[in-house]
Amino acid sequence: MNYTKLVREYCKNNSGAIFDVSKLKDTEFAEVPYKTLLKILNRLEEEGLLSAVSKGVYFIGEKPVDEESIFDEYVDNGKGMFVGYQLFNDVGISDYFDRQIEIYTNNIKSKQKSVGQYFLKRVELEFDDDIVDLVALLEILDAGYSMKGFDFMACKKTVDMLLQSYSDSSFQKIVKAIRYEYSTIKKLSELLDANSIDNNCLDIFESTYKSSIR
């Protein structure tokens with residue numbers, strides 16, 4: 001088999017996408033020896049068919065990685081979500097601009113990796129709408145008043161809206177995948193109780209981390 005032709009054709013058919021070696025070496029190119037694949041990628045980079053953006057990650061084409069390609073690869077279709085100040089900007093509760101953009105994603109194999117200005121962290125969740133809303137709520141509560149550029153009234157409105165998406169089943173999935181501070185969960189419990197929303201979030205959290213909570 002002509003391995004170079006196989007990789008070249010994949011690149012031509014996926015122009016504008018992300019080429020993540022750690023993922024594709026076991027899927028699209030499982031039959032290609034790993035060292036051979038790396039040599040082919042170096043050659044295609046020299047030809048301008050690929051552009052390296054970080055170790056083991058390429059952009060297929062000549063233009064730099066943009067948000068659309070990152071979104072398609074690591075966020076769209078339940079693969080992840082923006083967190084940190086990108087999330088806070090998107091929901092309108094902070095106007096602080098952070099040059100590093102954080103993403104939780106289930107579509108990387110390593111625990112974390114950087115792709116240009118994007119910092120990716122592996123989180124074993126299927127990011128449906130309910131999970132995304134509840135993670136967003138927890139991230140906001142976790143940051144609290146330490147958030148730069150904090151807009152209190154906008155935050156209160158957003159938190160009140162996100163509380164309505166709470167369910168014990170979603171919460172249980174999230175706390176198994178992301179470790180939050182006990183104080184964050186206690187704040188969540190207080191807000192849910194104040195809004196008469198049934199929950200067992202403290203019990204679920206304590207059961208999940210009973211060996212480490214004092």
Side-chain angles (χ1 to χ4, degrees), residues 14 16-30 34-35 37-38 41-42 45 50-60 63-91 93-94 96-144 146-149 170-185 188 205 208-209 211-212:
N14 291 274
I18 295 290
F19 193 116
D20 189 329
V21 179
S22 65
K23 185 179 67 171
L24 292 177
K25 70 180 179 64
D26 296 322
T27 54
E28 296 289 339
F29 307 112
Y34 183 58
K35 289 185 178 179
L37 178 60
L38 294 181
L41 295 175
N42 286 336
E45 184 182 4
L50 295 170
S51 302
V53 292
S54 68
K55 186 176 180 180
V57 180
Y58 297 84
F59 181 79
I60 302 176
K63 68 176 183 176
V65 173
D66 58 18
E67 185 171 316
E68 183 178 354
S69 59
I70 291 290
F71 183 86
D72 289 345
E73 182 69 13
Y74 300 115
V75 178
D76 199 21
N77 292 323
K79 293 193 288 287
M81 64 180 287
F82 292 105
V83 291
Y85 280 96
Q86 182 68 52
L87 167 65
F88 304 152
N89 296 160
D90 289 344
V91 298
I93 64 174
S94 171
Y96 175 77
F97 174 75
D98 193 340
R99 298 185 72 85
Q100 183 181 71
I101 299 175
E102 299 177 60
I103 296 175
Y104 288 161
T105 181
N106 58 33
N107 203 35
I108 58 173
K109 291 200 169 183
S110 57
K111 289 184 178 180
Q112 61 188 45
K113 73 190 310 177
S114 293
V115 181
Q117 71 191 101
Y118 299 91
F119 178 72
L120 313 173
K121 182 176 180 180
R122 187 181 72 204
V123 174
E124 298 296 337
L125 285 171
E126 182 67 27
F127 289 88
D128 59 28
D129 290 344
D130 290 338
I131 292 291
V132 167
D133 283 352
L134 189 47
V135 170
L137 175 61
L138 287 162
E139 292 290 313
I140 292 168
L141 296 180
D142 200 50
S146 67
M147 189 188 303
K148 298 176 182 177
S170 291
F171 180 77
Q172 187 168 36
K173 293 175 185 176
I174 291 168
V175 295
K176 286 181 178 179
I178 306 170
R179 176 67 187 267
Y180 289 101
E181 295 292 334
Y182 179 79
S183 58
T184 299
I185 308 306
L188 172 65
F205 184 80
T208 303
Y209 297 107
S211 63
S212 59

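Residues: numbered from 1 along the sequence shown. Computed from a predicted structure; not experimentally measured.
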Subject >> Check against side chain to side chain contact (heavy atoms under 4.5 Å, CB included), Val21 and Leu38 >> reply: CA-CA 8 Å; Val21 179; Leu38 294 181; 4.2 Å; yes

**OP:** Assess whether side chain to side chain contact (heavy atoms under 4.5 Å, CB included) is satisfied between Leu134 and Leu137, documenting all intermediate values.
**Re:** CA-CA 5 Å; Leu134 189 47; Leu137 175 61; 4.0 Å; yes

**OP:** Assess whether side chain to side chain contact (heavy atoms under 4.5 Å, CB included) is satisfied between Leu188 and Leu138, documenting all intermediate values.
**Re:** CA-CA 8 Å; Leu188 172 65; Leu138 287 162; 3.9 Å; yes

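Proximity of a side-chain donor or acceptor of Ser114 to a complementary backbone N or O of Gly116 within less than 3.5 Å is not detected. In this structure a side-chain-to-backbone donor-acceptor pair under 3.5 Å is present from Asn89 to Tyr85. A donor-acceptor distance shorter than 3.5 angstrom exists from the side chain of Asn106 to the backbone of Leu125, with no hydrogens or angles considered. Proximity of a side-chain donor or acceptor of Ser69 to a complementary backbone N or O of Ile18 within less than 3.5 Å is not detected. The closest donor-acceptor contact from the side chain of Ser170 to the backbone of Ile131 lies at 3.5 Å or more, if one exists at all. Of the possible donor and acceptor atoms, one in the side chain of Tyr209 sits under 3.5 Å from a partner among the backbone N and O of Val175.
The distance from atom CG of Leu120 to atom CG of Asn107, rounded to the nearest 0.5 Å, is 9.5 Å. With rounding to the nearest 0.5 Å, the separation of CZ in Phe119 from CD1 in Ile101 is 13.5 Å. Atoms CD1 and CZ, from Ile70 and Phe82 in turn, are 8.0 Å apart once rounded to the nearest 0.5 Å. In this structure, Thr208 OG1 and Ile174 CD1 are separated by 11.5 Å, a value rounded to the nearest 0.5 Å. The CG atom of Asp142 sits 8.0 Å away from the CD1 atom of Ile185 when rounded to the nearest 0.5 Å. Taking CG from Leu41 and CG from Leu24, the interatomic distance works out to 9.0 Å, rounded to the nearest 0.5 Å.
Ring geometry for Tyr58 against Phe19 counts as perpendicular: the plane angle is over 60°, on a 0 to 90° scale with 30° as the lower cut.
Of all the heavy atoms in Ala136 and Leu87, the pair that sits closest is CA-CD2, 3.9 Å. Closest non-hydrogen pair, Val132 versus Met81, comes out as O-CE, 3.6 Å. The two residues Ile103 and Val83 come nearest to each other via the heavy atoms N-CG2, 4.2 Å.
By the 6.0 Å contact criterion, CG on Asp129 is open, its count of non-hydrogen atoms from other residues, nucleotides or ligands being 12 or less. Heavy atoms of other residues, nucleotides or ligands lying less than 6.0 angstrom from OH of Tyr34 number 12 at most. Annotation for Lys176: atom NZ does not count as buried by contact number, only 12 or fewer foreign heavy atoms lying within 6.0 Å. Within 6.0 Å of CD on Glu45 lie more than 12 heavy atoms contributed by other residues, nucleotides or ligands.
For Glu124, the salt bridge (Lys or Arg N to Asp or Glu O under 4.0 Å) partners two or more places apart in sequence, or in a different chain, are Arg122.
Here Asp20 pairs with Lys113 in a salt bridge; the nearest charged N to carboxylate O distance falls below 4.0 Å.
In this structure, the side chains of Phe205 and Gln172 stay at 4.5 Å or more apart for every pair of heavy atoms. No side-chain heavy atom of Val75 sits under 4.5 Å from any side-chain heavy atom of Thr105. Asp26 places a side-chain heavy atom less than 4.5 Å from the side chain of Lys109. Between Phe59 and Leu50 the shortest side-chain heavy-atom distance does not fall below 4.5 Å.
Between the side chains of Glu139 and Tyr180, at least one donor N or O lies within less than 3.5 Å of an accepting N or O.
Each salt bridge (charged side-chain N to carboxylate O under 4.0 Å, His left out) pair with one or both residues in residues 70-90, not counting sequence neighbours, appears once here: Lys23-Glu73.
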